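For ligands, and for the atoms within them, numbers begin at 1 and follow the listed sequence. Small disclaimer: the values here were computed from a predicted structure and weren't measured.
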Amino acid sequence: MEPIDWKNLGFDAYRTRTVVFSHYKDGKWSTPEMTETFSFTMDPFAQVLHYAISCFEGLKAFRQKDGRIALFRPDRNAARMQRTADFLGMPCPSEEMFIRMCGDCVRGNLEFLPPYGLGASMYVRPLLFGVHPQMQLVPYPEAVFAVMCAPVGSYYGAHLKSCAAAIPGNYDRCAPKGSGSYKIGANYAATFKPYKWAHEQGYAEILYLNSCTREFVDEFGSSNFFGIKGNTYVTPLSDSVLPSITNLTLQQVAVDLGMEVEKRPVPLEELAEFDEAAGCGTAVVITPLSHIDMKPVLEEPGVSRSFRYCSDGEVGPVCKKLYQRIREVQDGDVPDVHGWCRYIGY
Ligand code: PLP
Ligand code: COI
């Protein structure tokens, strides 16, 4: 195996050694197996291929300072997958099985787990997909649960470097009372074209507004939104954004650092009042925004509004502090006073 350049990892579908999987059929999960072939066979009529009956999770494992391996808040991911699976009418592993298989996957790929202190981690991707062959639009209790992982560094090519975001004029993310708060694959399918457009215009991120009235901030394609106003951490209350575990963690970190937290609807106009604005999520950790441009209609050149926070690449002091603290807990540099780390071995 080629030595891994731990310091320069991006966020890629790195092929490790093994994937752990289990098949739910006839009312029970099969004993989890490890496969090194990285391939599945399925019926061409499988639900996932036609109707996108699929959901996933994303969490990270860290090699901590004392040598222990920690999964970060896997109980929250397990609970969120159960909620999503219920939305899709799918069977879902218990919390115990979910965490056990995530641990097995990390331990089965130990040579790919980044060492402590290099800014890298192991991204764990649990995936649940419907494999029953069918044409009818009804749930069927059969699924495969697979856990894969990849060593990752920074999502955008550098840790904590600000980038630009665009509010796309003619794309919405999810309908009110639709699928926005669930981690289904189909929500991401709808972002590929807007991301392509944004990247071509030089924006790393897209920020979606609430699709009903387009008056409030919802979230980014990859992550939740938060803004900093004075000593307050503000994040949108919306039933069409993903309940982010990183956001939940940062709200507690903000309180620990003596800040106020407000979770409430965030009017579009308020983007002009924040001192700092950022995205947060497992993959991105924190993405500080240099500016957010609002595009009236994608085909038209120019922007109708622009909200600026800092120069490209720069980072505000609060984002820096929040980032440092969450990373210290994940790396085991400070005591885990909230019990967020689940230790799975050495
Ligand atoms: N919002 C979206 C659309 C996401 O894909 C993610 C990533 O998982 C998040 C928010 C952040 O959620 P979490 O912090 O649980 O990773
Ligand atoms: C995560 O942060 O875990 C996600 O699933 C986001 C995705 C865009 C990589």
Side-chain angles (χ1 to χ4, degrees), residues 9-14 54-62 71-84 87 98 102 105 121-128 147-157 159 163 165 168 171-175 178-192 194-196 198-199 204-211 217-226 233 235-254 263 266 278-287 289 322-323 326-327 329-330 340:
L9 288 168
F11 192 85
D12 299 306
Y14 198 104
S54 157
C55 62
F56 67 96
E57 274 303 326
L59 63 158
K60 279 177 174 169
F62 298 86
L71 285 175
F72 194 69
R73 308 196 78 174
D75 52 325
R76 290 278 173 175
N77 294 92
R80 191 169 63 187
M81 179 166 265
Q82 283 173 358
R83 186 174 164 272
T84 305
F87 175 78
F98 180 99
C102 288
C105 182
S121 59
M122 182 75 104
Y123 184 75
V124 182
R125 181 50 79 80
L127 174 71
L128 181 67
V147 185
M148 56 215 78
C149 63
V152 296
S154 68
Y155 190 82
Y156 301 103
H159 294 295
C163 57
Y171 286 111
D172 287 328
R173 183 170 171 272
C174 291
S179 61
S181 71
Y182 303 98
K183 207 164 170 60
I184 63 173
N187 285 345
Y188 296 83
T191 66
F192 276 46
Y195 265 121
K196 180 171 183 291
H199 294 162
E205 263 305 337
I206 39 182
L207 179 60
Y208 289 102
L209 303 179
N210 74 308
S211 61
V217 174
D218 254 357
E219 67 171 330
F220 296 99
S222 68
S223 46
N224 272 187
F225 172 89
F226 71 85
Y233 177 106
T235 194
L237 177 68
S238 161
D239 57 12
S240 53
V241 306
L242 191 77
S244 157
I245 298 158
T246 312
N247 195 353
L248 195 68
T249 305
L250 290 174
Q251 289 170 46
Q252 182 61 54
V253 167
K263 190 167 181 192
V266 175
C280 65
T282 299
V284 303
V285 193
I286 289 178
T287 321
L289 275 305
L322 292 168
Y323 179 86
I326 191 172
R327 292 292 294 109
V329 179
Q330 292 173 332
W340 289 330

**Report entry** Under 4.0 Å to a heavy atom of G221 - the qualifying atoms of ligand 1, by number
**Finding:** 3 (C)
Query raised in the report: Do A283 and ligand 2 have an N or O pair less than 3.5 Å apart?
Result: yes
**Report entry** Donor-acceptor pair, side chain of T235 and main chain of F225, under 3.5 angstrom
**Finding:** yes
Query raised in the report: Taking only heavy atoms of R80, which atoms of ligand 1 are found under 4.0 Å from at least one of them?
Result: 12 (O), 13 (P), 15 (O)
Query - Ligand-side contact atoms (ligand 1) for residue partner R173, heavy atom cut-off under 4.0 Å - result: 3 (C)
Query raised in the report: Are any of the N or O atoms of Y123 closer than 3.5 Å to those of ligand 2?
Result: yes
Query raised in the report: For ligand 1, which atoms, with element, lie under 4.0 Å from some heavy atom of N224?
Result: 1 (N), 10 (C)
Query raised in the report: Can the ring centres of F11 and Y123 be said to be less than 6.0 Å apart?
Result: yes
Requested in this report: With heavy atoms only and a cut-off of under 4.0 Å, state how R125 meets ligand 2: side chain, backbone, both or neither.
Outcome: side chain
Report summary line: Heavy-atom proximity to atom 6 (C) of ligand 2, picking from G279, S244, G281, S222, points to S222
Query raised in the report: For the residue pair Y188 and F56, is the inter-centroid distance of their aromatic rings smaller than 6.0 Å?
Result: yes
Query raised in the report: Any N or O of K183 that comes nearer than 3.5 Å to an N or O of ligand 2?
Result: yes
**Report entry** Numbered atoms and elements of ligand 2 in range of F56, under 4.0 angstrom, heavy atoms
**Finding:** 5 (O)
Query raised in the report: Does E57 come within less than 4.0 Å of ligand 1, judged by its heavy atoms?
Result: no
Requested in this report: List every atom of ligand 2 that sits less than 4.0 Å from any heavy atom of G58, numbering the atoms from 1 in the order shown and giving each element.
Outcome: 3 (O)
**Report entry** Minimum non-hydrogen distance to atom 6 (C) of ligand 1, winning option of P243, S222, G281
**Finding:** S222
**Report entry** Numbered atoms and elements of ligand 2 in range of F11, under 4.0 angstrom, heavy atoms
**Finding:** 9 (C)
Query raised in the report: Do N247 and Y233 have side-chain atoms, one donor and one acceptor, less than 3.5 Å apart?
Result: yes
Query raised in the report: Does E57 approach ligand 2 within less than 4.0 angstrom via side chain, backbone, both or neither, non-hydrogen atoms only?
Result: neither
Query raised in the report: Quick one: does A283 get a heavy atom under 4.0 Å from ligand 1?
Result: no
Query raised in the report: Measuring from the heavy atoms of R76, does anything fall under 4.0 Å of ligand 1?
Result: no
Query - Proximal atoms of ligand 1 relative to Y188 (non-hydrogen, under 4.0 Å) - result: 2 (C), 3 (C), 4 (C), 5 (O)
Report summary line: Counting heavy atoms under 4.0 Å, the part of S244 that contacts ligand 1 is both
Requested in this report: Look only at the side chain of D172 and the backbone of N210, and say whether a donor-acceptor pair between them is shorter than 3.5 Å.
Outcome: no
